[in-house]
Amino acid sequence: QAQVVESGGGLVQAGGSLRLSCVASGRISGVNYMGWYRQAPGKQRDLVAQFAADGSINYADAVKDRFRISRNKARNAVYLQMDSLKPEDTAVYYCKAVNAGIDYWGRGTQVTVSS
């Protein structure tokens, strides 16, 4: 019974910052992959940032200079530091974890950026 939970979303003014957290817990021996995705209304879910299978980091072009992903393997946790937020960053942000070849998704956390 694995569980993935995101937190840290909220309402922020343009130019502000938020830090999202994601923790995978339950009966899992280890997490092989963790990443952040987002989905705005009427749009598909897109990758924001991830630790790839080899541990390398990938960012979407739209956030590459403003967001930073980090992780704590021992805690099965991943974080997303978001700076210089823009209204177009408004979306539900989802965390994805992979354990034993199975994908687990959190329920998402809302990020709203106002002008």
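By the salt bridge (Lys or Arg N to Asp or Glu O under 4.0 Å) test, Asp54 is found to be paired with no residue, residues two or more places apart in sequence or in another chain being considered. In this structure Arg19 satisfies the salt bridge (Lys or Arg N to Asp or Glu O under 4.0 Å) test with no other residue, sequence neighbours excluded.
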Exercise. Start with the C-alpha gap between Leu47 and Gln50, add the side-chain angles, then the distance that decides, and say whether side chain to side chain contact (heavy atoms under 4.5 Å, CB included) holds.
Key: CA-CA 8 Å; Leu47 174 70; Gln50 67 176 11; 3.7 Å; yes
Quiz item: After noting the C-alpha distance and the side-chain angles of Met82 and Tyr93, does the key distance pass the side chain to side chain contact (heavy atoms under 4.5 Å, CB included) rule?
Solution: CA-CA 12 Å; Met82 306 185 294; Tyr93 284 69; 3.9 Å; yes
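Using a 4.0 Å cut-off between charged side-chain N and carboxylate O, Asp46 and Arg38 make no salt bridge. A salt bridge does not link Asp83 with Arg68: every distance from a Lys NZ or Arg NE/NH1/NH2 to an Asp or Glu carboxylate oxygen is 4.0 Å or more.
Transitive grouping of hydrophobic side chains (ILVMFWY, heavy atoms separated by less than 4.5 Å) keeps Leu80 and Val23 in distinct clusters. Transitive grouping of hydrophobic side chains (ILVMFWY, heavy atoms separated by less than 4.5 Å) keeps Met34 and Val5 in distinct clusters.
Counting heavy atoms from C-beta outward, Ile69 and Ile57 have side chains that approach closer than 4.5 Å. Looking at Val111 and Thr90, their side chains never come closer than 4.5 Å, going by heavy atoms from C-beta outward. Counting only heavy atoms from C-beta outward, the side chains of Thr112 and Val12 never approach each other to under 4.5 Å. In this structure the side chain of Ser70 never reaches within 4.5 angstrom of the side chain of Gln81, judged on heavy atoms.
Cation-pi check for Arg45 over Tyr94 is met; the charged atom lies under 6.0 angstrom from the ring centroid and within 45 degrees of its normal.
The only option from Val78, Asp103, Val4 that meets the side-chain contact (heavy atoms from CB on, under 4.5 Å) definition with Lys96 turns out to be Asp103.
Annotation: the span from Ser25 atom OG to Asn76 atom CG amounts to 8.5 Å, rounded to 0.5 Å. Taking CZ of Arg66 as the start and OG of Ser84 as the end, the distance is 7.0 Å to the nearest 0.5 Å.
Screening residues 33-88 for ring-ring contact (aromatic ring centres under 6.0 Å, His included) gives Tyr37-Trp105 as the qualifying pairs, with residues at least two apart or on separate chains.
At distances below 3.5 Å, not a single donor-acceptor pair connects side-chain atoms of Ser21 with backbone N or O atoms of Ser7. Gln39 places no side-chain N or O within 3.5 Å of a backbone atom of Val92 that could act as its donor or acceptor partner. Arg75 contributes no side-chain N or O that, together with a main-chain N or O of Arg71, makes up a donor-acceptor pair within less than 3.5 Å.
Annotation for Ala40 and Ala91: closest pair N-CB, 3.9 Å, computed over non-hydrogen atoms.
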